[in-house]
Asks: 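Can you keep this structure in mind? I'll have questions shortly.
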Number of protein chains: 2
Amino acid sequence: MTAIAPRAWQVVLDAVERDLLDGRLSPGDHLPPERTLAADLGVGRSSVREALRVLEVLGLIRTAVGSGPSAGAIIVARPGGGMSALMRLQVAAQGFAVADVVKTRLVLEGAIAAELASRAGVIDLSAAEQILTAMERQPLTEAEFLALDTQFHLSLAEASGNQVITATMAGLRSAIEGYARAGAAGLASWPATSARLMLEHRGILIAILCGQADAARLAVHAHISGYYAETHLASVSSATASSTTR
Amino acid sequence: MTAIAPRAWQVVLDAVERDLLDGRLSPGDHLPPERTLAADLGVGRSSVREALRVLEVLGLIRTAVGSGPSAGAIIVARPGGGMSALMRLQVAAQGFAVADVVKTRLVLEGAIAAELASRAGVIDLSAAEQILTAMERQPLTEAEFLALDTQFHLSLAEASGNQVITATMAGLRSAIEGYARAGAAGLASWPATSARLMLEHRGILIAILCGQADAARLAVHAHISGYYAETHLASVSSATASSTTR
DNA sequence: TGTAGCCTGTGGTCAGACCACAGGAGGACC
DNA sequence: GGTCCTCCTGTGGTCTGACCACAGGCTACA
């Protein structure tokens with residue numbers, strides 16, 4: 001059935017995927033040179049390059065020119081970039097609604113906070129702690145604050161050790177980064193809002209450290225939905241991930 | 001900073017993204033022909049094709065040869081395919097652990113079930129209902145069952161109306177589809193397991209229809225983690241999304 | 001023995017060519 | 001005058017060949 005019209009670049013993609021699944025390729029390995037790959041698979045070099053471009057954007061490989069061990073296409077399996085590109089473009093193309101992106105953030109980040117709280121004591125949260133301290137050290141511009149804010153949220157996901165959620169969160173975040181930035185510019189008082197956000201960050205961290213899973217989830221929920229409500233980007237009235245509140 | 005080495009295909013990708021954000025391109029619109037795009041942006045046609053390939057895999061466009069209104073590259077914004085490819089390849093390249101994929105399914109599907117329950121009565125669940133009926137009509141092979149099982153879970157996500165979660169779920173699902181299939185083959189008694197799974201499906205649907213958010217979440221949690229535990233694919237002991245059970 | 005230059009292999013890019021395909025326009029036939 | 005057929009055009013799909021920039025290793029020279 002797939003033999004009717006196997007697109008040439010698909011052949012390459014499938015071959016790489018099969019090599020990965022069969023263990024012939026692992027993270028850190030080099031892919032064969034483009035010209036070799038083309039000859040081996042019986043396709044043109046252009047088609048190989050199209051497939052490699054996809055793999056690169058998806059975060060599976062990184063390419064480098066020159067010679068030596070660091071040159072060529074190398075398997076890296078770094079999902080963050082691909083997830084970000086995918087989500088960003090889907091939001092741009094209206095395949096994803098901003099409100100849905102925010103809702104999904106609520107679900108994922110709420111779950112992360114709850115899980116971290118339930119494992120309080122055995123999780124290292126010093127990275128998140130340091131980011132908060134850095135945020136509170138001096139007044140920050142909107143851009144600087146949002147950058148550190150992103151780092152804080154991501155550090156929580158990373159602490160959980162769940163690569164899938166971490167990458168997905170990073171993608172969601174970057175997809176609506178432009179909207180968050182635009183929203184910050186229209187706030188009545190940025191110093192007031194940023195001060196509140198920092199307090200909420202502390203509250204989230206404390207709830208996690210004290211093992212209060214539900215409190216942590218609610219704090220994250222309020223933190224995220226509050227910001228988007230204040231900036232009029234999305235009114236997230238959904239009961240998603242907060243059905244346990246009553 | 002980006003002026004140091006703007007990769008030619010990146011130029012194309014950025015141009016398309018900007019056109020989307022600025023409203024010059026919308027779903028249903030045609031992209032300019034490859035040759036025109038290449039001339040306009042001052043890059044070679046190969047580079048344009050690399051960018052278009054990325055957009056195609058990411059689910060943003062679909063391409064068709066020939067002439068007429070249906071030919072050419074058209075904005076479609078269908079995130080499912082891109083999410084599936086990304087997750088599948090990341091799992092293959094060991095960027096995503098299977099256990100993390102399953103955990104993320106628990107979080108997302110649990111949240112979906114809870115939300116649907118909290119909106120019971122105003123949500124149309126006839127699609128899910130019909131799928132369950134179809135599953136119960138006659139004995140099914142593993143492959144047939146798993147296909148309908150996928151449809152059931154997806155129909156719940158679609159009922160929620162959240163495109164982001166729906167696409168993410170679809171991607172997660174397809175990423176571990178191979179493992180689920182392999183697991184089914186190793187079960188002691190497939191008829192017994194499938195019967196149990198169908199009962200659990202009914203339980204989930206009933207909990208949702210009755211507006212029992214927590215019960216629905218727990219039922220989904222047990223349903224998914226139970227299957228993967230039984231097939232020894234992943235022991236999901238995480239408290240994620242179930243911290244409210246105490 | 002050390003160093004400077006070349007050499008080779010790699011990805012990055014472009015230009016051109018050809019093909020398959022689908023739709024439309026025009027003419028030929030009834 | 002209407003209908004059918006054929007050719008023409010524009011599109012993506014693919015391949016080939018060429019050239020460039022780059023980085024590392026190798027060799028020849030001092």
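This one's a predicted model, so the numbers in the text were calculated from it and none came from an experiment. In what follows, chains carry the letters A, B, and so on, assigned in the order in which the sequence lines appear, proteins first and then strands, with residues in each chain numbered from 1.
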Asks: Assign Arg53(B) to base, sugar-phosphate, or nothing according to its heavy-atom contacts below 4.0 angstrom with the strands shown.
Replies: sugar-phosphate
Asks: Please confirm whether the shortest side-chain N or O distance from Ser47(B) to OP1 or OP2 of dG12(C) is below 4.0 Å.
Replies: no
Asks: Measure the distance from CD on Glu50(A) to P on dG12(C) and round it to the nearest whole Å.
Replies: 14 Å
Asks: Should we say atom CZ of Arg78(A) is surrounded by more than 12 heavy atoms from elsewhere, each under 6.0 Å from it?
Replies: no
Asks: How is Ala71(B) classified with respect to the nucleic acid when contacts are heavy atoms under 4.0 Å: base, sugar-phosphate, or nothing?
Replies: nothing
Asks: Can you tell whether the side chains of Glu56(A) and Arg53(A) come within less than 4.0 Å, N to carboxylate O?
Replies: yes
Asks: Quickly work out the Ile74(B) CD1 to dG12(D) C1' distance and round it to whole Å.
Replies: 12 Å
Asks: How many Å lie between CZ on Arg49(A) and C1' on dC19(D), as a whole number?
Replies: 14 Å
Asks: Under a 4.0 Å N-O cut-off, is there an ion pair linking Arg119(A) with Glu115(A)?
Replies: yes
Asks: What does Gly66(B) touch in the nucleic acid at a heavy-atom separation under 4.0 angstrom: a base, only the sugar-phosphate, or nothing?
Replies: base
Asks: In terms of side-chain heavy atoms of Glu34(A), which of dT11(D), dG13(D), dG11(C) is nearest?
Replies: dG11(C)
Asks: Any donor and acceptor pair, going by atom type alone, linking the side chain of Asp22(A) with main-chain N or O of Arg24(A) inside 3.5 Å?
Replies: no
Asks: Taking donor-acceptor contacts at under 3.5 Å, does the side chain of Arg35(B) reach the base of dG10(D)?
Replies: no
Asks: Let's test your reading of the model: under 3.5 Å, does the base of dT13(C) pair with the side chain of Arg45(B) as donor and acceptor?
Replies: no
Asks: Taking atom C1' of dT14(D) as reference, at what distance in whole Å does atom CH2 of Trp9(A) sit?
Replies: 14 Å
Asks: Run the salt-bridge test on Asp40(B) and Arg35(B) with the 4.0 Å N-O cut-off and return the result as yes or no.
Replies: no
Asks: Starting from P on dG12(C), measure out to CD on Gln10(B) and report it in whole angstrom.
Replies: 12 Å
Asks: Side-chain N or O of Ser67(B) versus OP1/OP2 of dC21(C): is the shortest distance under 4.0 Å?
Replies: no
Asks: How many whole angstroms separate atom CG of Leu41(B) from atom C1' of dC14(C)?
Replies: 15 Å
Asks: Taking only side-chain nitrogens and oxygens of Ser46(A), does any of them come within less than 4.0 Å of OP1 or OP2 of dT16(D)?
Replies: no
Asks: Could you tell me how far apart Glu56(A) (CD) and dG12(C) (C1') are, to the nearest whole angstrom?
Replies: 11 Å
Asks: Which sits closer to the 5' end of DNA chain D, Gly68(A) or Val43(A), going by the nucleotide each is nearest to?
Replies: Val43(A)
Asks: Could you check which of dT14(D), dG11(C), dC14(C) has an atom nearest any side-chain atom of Val65(A)?
Replies: dG11(C)
Asks: Can you tell whether the side chains of Arg181(B) and Glu177(B) come within less than 4.0 Å, N to carboxylate O?
Replies: yes
Asks: Using a 4.0 Å heavy-atom cut-off, does Ala64(A) contact any base of the nucleic acid, only the sugar-phosphate backbone, or nothing at all?
Replies: sugar-phosphate
Asks: Tell me: CG of Leu37(A) to P of dG11(C), nearest whole Å?
Replies: 9 Å
Asks: Among dG11(C), dG23(C), dC14(C), which nucleotide has an atom closest to any side-chain atom of Ser70(B)?
Replies: dG23(C)
Asks: Is any side-chain nitrogen or oxygen of Thr63(A) closer than 4.0 Å to OP1 or OP2 of dG12(C)?
Replies: yes
